[in-house]
Amino acid sequence: MKDEEEDNIIPNEDENFDNQDNSTNEEGFDDIRVSTGHHFYENNENPEDTITKVTGMYKDWFLDYASYVILERAVPAIEDGFKPVQRRIMHSMKELDDGRYNKVANIVGHTMQYHPHGDASIGDAMVQIGQKDLIIDMQGNWGNILTGDSAAASRYIEARISKFGHDVLYSPKITEWGMSYDGRRAEPINLPVKFPLLLAQGAEGIAVGLSTKVLPHNFNELIDSSIKILKGKPFTLFPDFPTAGIADVSNYNDGLRGGRVRVRAKIGQLDKQTLVITQIPFSTNTSTLIDSILKANEKGKIKIKKIEDNTAAEVEILIHLPAGVSPDKTIDALYAFTACETSVAPLGCVIANHKPLFIGVSDMLKISTNRTVDLLKRELEIQLDELENKWHFSTLEKIFIREEMYIDFKLYSDRESLYKYMYDRFEPFLKSFVREINDDDLQKLTQIPMIRITRFDSDKADEVISKLEAEMEQVKYHLDHIIDYTIDFFQKLKDKYGKGRERQTELRSFDNIEATKVVLRNTKLYVNKEEGFFGTGLKKDEYVADCSDIDDVIVFLRDGKMMVSKVDDKKFVGKDIIHIAVFDKNDKRTIYNMMYRDGKNGSTFIKRFNVSGVTRDKFYDLTQEKPGSMVSYFSANPNGEAEVVTILLRQVGSVKKLKWDVDFSDIAIKGRASRGNTVTKYPIKKIELKEKGISTLRPRKVWFDDTVQRLNVDGRGELLGEFRPNDRLLIVNQSGKLKTIIPELTTHFDEDMIVLEKWNPNKPVSCIYYCGEKDRYFVKRFLVENENKEEIFITEHEKSQLEIVSTDWRPVAEVIFAKVKGVQKENQIVDLEQFIAVKGIKALGNQLTTDKLKQINLLDPLPYEEILEEPEGQPEATDESEGADITDFNIELDDDGQITLSLE
């Protein structure tokens with residue numbers, strides 16, 4: 001009893017394991033001892049007990065596990081585009097298929113005969129296939145990819161193979177089969193998929209040591225590209241997402257590692273205080289998108305009033321903005337700080353020859369297309385073989401009955417002699433057969449019923465044989481022209497199933513949104529100029545401006561030093577701050593006007609400069625770095641304004657002229673490191689502002705880039721003109737709405753915009769429109785009366801529509817009449833300037849005609865000489881050397897008090 005109790009005592013960890021000899025063998029693995037009960041033995045200590053030495057056994061376990069996950073679970077096969085669980089689901093659905101819907105729970109249970117895992121993983125995989133809406137016909141609540149709602153339980157939803165799935169997935173005669181995991185059933189090694197299904201549906205999986213992410217592509221574009229491959233033409237493939245949205249695929253990299261696709265939501269402006277999201281980025285849903293917007297609002301990156309989610313069959317998220325918040329700036333901020341813009345990294349990895357293969361989507365499509373050719377060829381070969389067998393037996397039967405071979409059957413008592421007799425009788429006809437006659441053929445002939453022999457119709461048999469011969473010739477033709485046959489196969493797929501599968505994702509190049517320009521400035525910047533501190537926490541000190549936590553600040557000190565630094569709670573930069581502001585490194589229009597004394601007793605210099613590229617937290621000396629230098633005068637001018645100042649000198653010696661004016665517009669704009677021009681060598685008592693300046697910069701050139709639908713000043717796209725601070729853009733939409741705006745680079749434009757140009761307030765707008773209320777066409781010419789308001793210039797009837805609009809001085813239109821009772825009226829040319837005078841924007845206009853019209857075309861305008869204003873002012877400063885072409889001079893006061901100008 002005592003021994004039994006000791007046997008049941010669990011050994012103390014310190015007593016037993018610390019004294020074990022877990023030595024390491026030459027392979028680097030520990031010797032592990034396995035025992036039963038609580039007794040522990042050294043290796044080979046008791047060979048009769050159940051002791052197994054597992055050293056080295058688990059050396060291959062990880063590799064086996066990794067290989068299994070890669071090959072059997074996570075990564076799709078290149079042949080059919082399926083992961084094993086997906087292939088087994090589709091095979092099970094084929095076995096259960098009777099044309100009616102099956103409960104998903106039943107399909108899942110049937111699939112478990114082939115898939116050695118739980119029902120949950122099979123059900124989830126099936127829902128994912130179904131949501132692609134391609135090869136499974138669904139019934140019930142299968143979830144919503146837009147809202148992220150999950151599908152109902154598998155017992156409540158039903159499915160069957162779609163018609164497209166039947167056409168491209170199955171062909172048992174050419175399917176390669178293997179045994180299921182338990183050896184009880186046969187399952188397909190790969191399904192004979194005759195379509196690039198992997199690229200159409202996309203795939204994503206995480207295995208051990210690698211992953212795959214193949215993005216979905218457009219159904220019709222895949223077929224078109226496959227046809228181009230077969231014709232030897234070049235092609236390109238870009239993803240198309242079921243959530244639609246807008247995508248920038250400039251860095252797609254053919255779906256290989258290192259590529260990246262930027263995807264944006266489609267955001268429109270419902271009115272001045274409401275934005276509407278109608279399409280969402282791939283890999284997001286409305287719930288996650290709204291959460292990201294709310295988080296950005298909480299962090300102060302954007303400012304919104306409330307969000308409404310009205311999503312049902314289509315996405316509709318309304319974002320209400322507070323009064324005074326810019327919709328255009330908010331749209332950019334949504335892209336910069338929320339999930340309204342996401343980045344997707346593709347990674348093409350598939351299983352080929354039982355190994356993972358990293359491959360681009362172009363090569364995937366080529367492999368799929370070539371495999372489709374091979375599959376169709378094998379189907380045709382099998383079809384030809386079947387037709388030849390039918391023809392062979394039909395010919396045998398005809399000769400057998402016509403020659404009445406069956407009559408002598410009674411003379412032969414055994415099979416061998418009978419077959420010899422039949423072989424001899426068929427000898428004269430052997431050349432007419434496509435293959436040799438065998439015993440199986442003779443066996444079938446002997447089994448023909450007598451009633452069929454007596455009712456045999458030779459003409460009908462000839463007709464059947466002729467039909468078979470025609471079919472054989474057709475199949476042989478397809479085999480000889482297999483490429484054309486495959487092209488026709490793809491074209492039939494597109495004609496049959498391509499309708500309604502047009503591209504959903506709009507492809508467009510994106511501009512880079514600078515976060516500092518669109519972030520909501522939700523905090524305030526303060527400064528203590530005397531002590532040299534700035535920050536958002538100095539609330540008792542002087543207010544500077546609103547800012548955000550990602551902004552930069554530019555600071556100028558009295559000693560002539562300048563520094564750019566990040567916004568902070570409190571930061572010391574140097575005593576005696578003379579100017580501080582939020583800094584924009586891309587601002588080339590802000591010009592700083594400055595006078596400084598060179599050293600303690602040196603001359604005074606004047607300079608104008610712009611600050612662009614700088615290193616953060618580094619001091620830059622704007623003087624000549626002599627001790628005692630000091631800034632005498634300083635101003636910051638957002639549009640390059642140049643003021644006039646009065647110089648007052650101290651009474652020194654015999655200087656007679658102690659006061660004169662200096663105009664900053666006479667000074668060239670140069671880099672911040674330039675010395676500047678000499679003002680005087682005498683000490684200055686005081687500098688007074690005499691007259692505020694106007695901008696000395698030339699009007700800014702603005703371009704419109706149609707690719708990204710944005711304005712820019714970098715020369716990309718169409719030049720709209722040169723704009724002064726108060727100049728505006730004219731925008732006309734197809735809906736009959738018109739407005740003028742200040743050209744800001746953050747402006748978003750409506751999709752139905754048809755006119756975008758620099759606005760000339762004196763230039764009339766001409767249009768022809770159809771009035772739904774009057775059922776007539778009208779012509780009107782008008783001037784924009786309210787530059788700060790969007791107005792509609794056609795009647796507001798639901799059937800009213802704009803036909804043509806022109807901003808030319810003398811527009812001309814061609815009116816094409818509809819044929820009435822076989823009579824065609826000649827086209828009419830209309831000079832709109834002569835047809836109607838300029839009236840108000842709300843005027844109905846003059847009726848164009850009472851006849852029915854077929855079409856209205858806008859022709860080239862009549863000549864008109866427009867007086868253009870010459871731009872004045874200096875160009876914008878862009879770098880350190882800017883302004884060097886303008887003459888530099890010194891302003892000096894001589895001993896007699898006379899001002900002299902001298903060239904440098």
Side-chain angles (χ1 to χ4, degrees), residues 72-97 100-115 117-146 148-170 187-188 190-206 212-219 222 239-243 282-283 285 350-351 364 368 493 497 500-501 504:
E72 297 295 330
R73 298 193 71 174
V75 184
I78 186 64
E79 289 83 3
D80 57 9
F82 284 127
K83 298 178 184 179
V85 64
Q86 297 171 331
R87 186 180 303 112
R88 290 159 181 160
I89 288 171
M90 299 313 299
H91 173 59
S92 295
M93 291 186 69
K94 181 63 175 176
E95 287 189 326
L96 295 172
D97 181 55
R100 297 178 295 176
Y101 288 100
N102 286 290
K103 288 283 187 182
V104 169
N106 292 337
I107 299 173
V108 170
H110 194 275
T111 306
M112 291 181 72
Q113 298 177 94
Y114 304 101
H115 195 62
H117 297 284
D119 59 333
S121 63
I122 298 173
D124 291 344
M126 188 170 180
V127 168
Q128 289 179 13
I129 299 174
Q131 289 178 341
K132 305 291 176 60
D133 194 24
L134 196 59
I135 56 177
I136 293 182
D137 187 5
M138 303 170 288
Q139 183 168 273
N141 177 16
W142 281 67
N144 191 331
I145 60 172
L146 299 178
D149 295 336
S150 58
S154 58
R155 60 186 177 274
Y156 298 125
I157 56 178
E158 299 177 327
R160 65 183 178 187
I161 302 169
S162 68
K163 293 180 180 179
F164 174 74
H166 278 295
D167 285 351
V168 302
L169 294 186
Y170 305 104
E187 65 173 335
N190 288 300
L191 288 174
V193 178
K194 300 181 288 291
F195 180 79
L197 194 63
L198 174 60
L199 294 174
Q201 295 191 137
E204 185 172 359
I206 300 175
T212 183
K213 189 161 191 173
V214 180
L215 302 183
H217 295 72
N218 181 258
F219 181 92
L222 286 172
D240 184 26
F241 304 116
T243 55
F282 179 66
S283 74
N285 55 60
V350 295
I351 299 301
M364 288 185 198
S368 173
L493 286 180
Y497 302 107
R501 298 187 182 276
Q504 299 184 66

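For this chain, numbers begin at 1 and follow the sequence in order. Below, each value reflects all heavy atoms present in this structure, side chains not excepted, and no hydrogens, waters or symmetry copies.
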Would you please test M138 and I157 for side chain to side chain contact (heavy atoms under 4.5 Å, CB included) and show each step?
CA-CA 8 Å; M138 303 170 288; I157 56 178; over 6 Å; no
Show, in sequence, the C-alpha distance, side-chain angles and deciding distance for V104 and V127, and conclude whether the side chain to side chain contact (heavy atoms under 4.5 Å, CB included) test is met.
CA-CA 9 Å; V104 169; V127 168; 5.9 Å; no
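- Ring-plane geometry between H91 and Y114 is classed as perpendicular, the angle between the planes exceeding 60 degrees on a 0 to 90 degree scale with a lower cut at 30.
- The minimum heavy-atom distance linking A125 with V85 is given by the pair CB-CG1, 4.0 Å.
- Atom NE2 of H115 and atom CZ of R87 lie 11.0 Å apart (nearest 0.5 Å).
- With I135 as the partner, the side chain to side chain contact (heavy atoms under 4.5 Å, CB included) test is satisfied by one option alone out of Q201, M93, Q86: Q201.
- Atom NZ of K194 and atom OG of S368 lie 11.5 Å apart (nearest 0.5 Å).
- The nearest pair of heavy atoms linking Q139 to W142 is O-NE1, 3.3 Å.
- Between the side chain of N102 and the backbone N or O of R160 there is no donor-acceptor pair closer than 3.5 Å.
- At least one side-chain heavy atom of L146 sits less than 4.5 Å from a side-chain heavy atom of T243.
- Counting non-hydrogen atoms of other residues, nucleotides and ligands closer than 6.0 Å to OH of Y101 gives a total above 12.
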List the steps, then state whether side chain to side chain contact (heavy atoms under 4.5 Å, CB included) holds for L198 with M364.
CA-CA 9 Å; L198 174 60; M364 288 185 198; 4.0 Å; yes
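- If you take CG on L134 and OH on Y497, they are separated by 10.5 Å, rounding to the nearest 0.5 Å.
- Scanning all heavy atoms of the two residues, the minimum distance from N190 to A77 falls at OD1-CB, 3.9 Å.
- Residues F282 and P216 form a side-chain contact, since some pair of their non-hydrogen atoms from C-beta on lies under 4.5 Å apart.
- Looking at every heavy atom in both residues, M112 comes nearest to I122 through CG-CD1, 3.5 Å.
- In terms of heavy atoms, D97 sits closest to H166 at OD2-CE1, 3.1 Å.
- Between P188 and L191, the shortest heavy-atom contact is CG-CD2, 3.8 Å.
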Apply side chain to side chain contact (heavy atoms under 4.5 Å, CB included) to residues K163 and D137 and explain how you reach the verdict.
CA-CA 8 Å; K163 293 180 180 179; D137 187 5; over 6 Å; no
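- For the atom pair OG (S283) and NZ (K213), the distance works out to 5.5 Å, reported to the nearest 0.5 Å.
- Residues meeting the ring-ring contact (aromatic ring centres under 6.0 Å, His included) test with F219, sequence neighbours left out: F164, F195.
- Between the Q131 side chain and the Q128 main chain, no donor and acceptor come within less than 3.5 Å of each other.
- A distance of 9.5 Å separates CG in N106 from CD in E158, rounded to the nearest 0.5 Å.
- No side-chain heavy atom of R88 sits under 4.5 Å from any side-chain heavy atom of F82.
- Judged by distance alone, the side chain of K103 and the main-chain N or O of R155 form a donor-acceptor pair under 3.5 Å.
- Of the inter-residue distances, the one linking E187 atom CD with T111 atom OG1 reads 10.5 Å to the nearest 0.5 angstrom.
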